[in-house]
Protein chains: 4
Amino acid sequence: MLLKDHKKYCYALEMEVRDYELDCESIVNNANYLHYIEHTRHKFCQEAGVPFIEMHKAGLDAVVRKVELEYLSSLRSGDTFVVYLGLERKGPRFVFNEDIFRKDGTPVLASVVTAVVLKDGKLSRGDELAEVFKPFLNRR
Amino acid sequence: MLLKDHKKYCYALEMEVRDYELDCESIVNNANYLHYIEHTRHKFCQEAGVPFIEMHKAGLDAVVRKVELEYLSSLRSGDTFVVYLGLERKGPRFVFNEDIFRKDGTPVLASVVTAVVLKDGKLSRGDELAEVFKPFLNRR
Amino acid sequence: MLLKDHKKYCYALEMEVRDYELDCESIVNNANYLHYIEHTRHKFCQEAGVPFIEMHKAGLDAVVRKVELEYLSSLRSGDTFVVYLGLERKGPRFVFNEDIFRKDGTPVLASVVTAVVLKDGKLSRGDELAEVFKPFLNRR
Amino acid sequence: MLLKDHKKYCYALEMEVRDYELDCESIVNNANYLHYIEHTRHKFCQEAGVPFIEMHKAGLDAVVRKVELEYLSSLRSGDTFVVYLGLERKGPRFVFNEDIFRKDGTPVLASVVTAVVLKDGKLSRGDELAEVFKPFLNRR
């Protein structure tokens with residue numbers, strides 16, 4: 001869901017834990033949070049008008065360079081949660097702030113994902129993408 | 001969603017392909033279909049009133065003995081699909097017929113999952129579970 | 001490892017359970033067995049001289065049509081196991097019999113995977129592949 | 001493999017890309033690197049004498065609080081790679097430096113994983129674990 005009047009975030013996606021994502025401690029395995037935030041970025045791009053597959057066909061590839069994850073609490077079987085996404089541009093880099101909260105408001109994960117844009121395989125300034133993302137960029 | 005008046009199926013769950021489920025041929029990797037049908041069984045059990053975790057705490061474990069999967073067509077990025085579930089009892093075995101259709105009606109997967117019930121770790125007739133599942137059992 | 005003098009199997013691959021493959025019952029999640037047997041087929045094809053990527057580039061795609069899995073016992077943290085692979089041809093279909101045993105000999109999984117070969121996207125008789133696989137085909 | 005005379009790393013594990021880990025761009029999906037480094041930590045703990053399952057039974061749980069991943073190049077089908085692990089203690093925190101190199105020496109991933117130790121569910125100083133890890137701690 002695109003968020004129009006939120007200061008920090010421009011997109012939110014509600015998801016639910018699936019039991020196959022749990023590990024032997026009955027909590028969601030750490031790697032699945034990367035899946036959650038990747039899926040949220042792709043859905044955001046799609047709703048913002050630039051599906052990954054289309055971008056790829058147009059010779060543009062957003063490539064993740066860096067991920068920072070802070071685990072605040074664990075998701076468990078039956079939990080519903082929301083991934084919030086905020087977007088900033090720093091030179092050629094696009095910085096996604098993606099935070100997960102359990103439906104009851106408990107903070108679960110804080111993350112920062114830094115991506116660059118390759119144009120025909122070469123590092124670019126990402127101007128085409130910046131143009132599309134303009135209405136969503138955080139201007140803090 | 002529990003289906004009350006359907007002859008073959010008693011439950012349906014709509015889902016959507018996530019890009020991390022694709023493999024290098026840009027189609028959903030075969031193993032993910034097992035995830036889709038497992039998640040559907042767990043959601044069905046939950047809505048039918050017997051969440052897996054609760055069952056487990058009560059000493060009852062439904063254990064998969066056999067899975068047959070027929071791949072009819074491939075899911076791709078952006079596809080939405082529905083998993084339909086039908087349930088039969090054959091002696092001590094519970095047989096789940098789980099069929100996946102793309103939102104446009106294209107058949108994607110036909111599967112049969114056979115499970116038995118362990119009570120305190122030993123094979124049981126599964127009568128407690130059969131009682132709960134009674135309204136949903138297929139009586140063809 | 002290609003097996004030269006075995007009657008039933010022509011390939012064996014030793015692997016080890018990774019803890020992220022366990023689910024909340026501390027056993028390997030059912031879907032991971034599909035990963036194990038897929039990885040074994042790909043390694044077999046590679047050692048037999050036809051890596052999947054090469055096949056794909058040559059316009060040949062082996063596509064799984066059917067999978068039957070029988071779960072005999074569960075793998076757990078720390079387990080080492082061997083996937084054995086046997087291969088038969090039935091008309092245009094290639095049938096992989098893949099059985100998993102724990103290192104101590106305990107049967108874990110029996111599976112049958114049926115694949116067909118698409119040539120430039122169309123169903124073919126698979127003669128090119130049959131030629132390559134000839135030394136490995138089971139002639140029971 | 002425990003490394004006795006290396007200044008930065010105390011453990012190394014060789015692995016190989018499995019085709020089901022690739023995504024639709026034919027490179028290993030970002031989330032799988034978390035699997036690689038988690039598996040390496042677990043193998044290290046096991047060889048250092050404290051398997052996760054044993055720790056857990058003794059009431060000690062190492063819990064990941066923070067992960068930083070820097071993606072330097074992509075792994076592809078057929079690649080073999082080595083995960084190197086170094087360990088430091090910073091107060092109650094254990095800091096794992098885990099770096100991945102392709103077999104030909106190309107840097108693939110640099111990561112820092114920070115964990116704390118819960119004793120019977122409460123944050124502890126981790127002295128028991130520090131004792132076990134003593135021979136492996138980096139003293140830069």
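By convention in this document, chain letters (A, B, ...) are assigned in the order of the sequence lines, proteins followed by strands, and residues within each chain are numbered from 1.
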Enumerate the inter-chain donor-acceptor pairs under 3.5 Å for chain C and chain B, one line per pair.
unit_1: Asn29(C); atom_1: ND2; unit_2: Glu38(B); atom_2: OE1; d: 3.1
unit_1: Glu38(C); atom_1: OE1; unit_2: Asn29(B); atom_2: ND2; d: 3.1
unit_1: Arg65(C); atom_1: O; unit_2: Tyr71(B); atom_2: N; d: 2.8
unit_1: Val67(C); atom_1: N; unit_2: Leu69(B); atom_2: O; d: 2.9
unit_1: Val67(C); atom_1: O; unit_2: Leu69(B); atom_2: N; d: 2.7
unit_1: Leu69(C); atom_1: N; unit_2: Val67(B); atom_2: O; d: 2.8
unit_1: Leu69(C); atom_1: O; unit_2: Val67(B); atom_2: N; d: 2.9
unit_1: Tyr71(C); atom_1: N; unit_2: Arg65(B); atom_2: O; d: 2.8

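When each of Val64(B), Leu34(B), Val113(B) is checked for a side-chain contact (heavy atoms from CB on, under 4.5 Å) with Leu69(C), only Leu34(B) meets the rule.
Residues satisfying the side-chain contact (heavy atoms from CB on, under 4.5 Å) criterion with Pro107(B), sequence neighbours excluded, are Leu72(B), Phe101(B).
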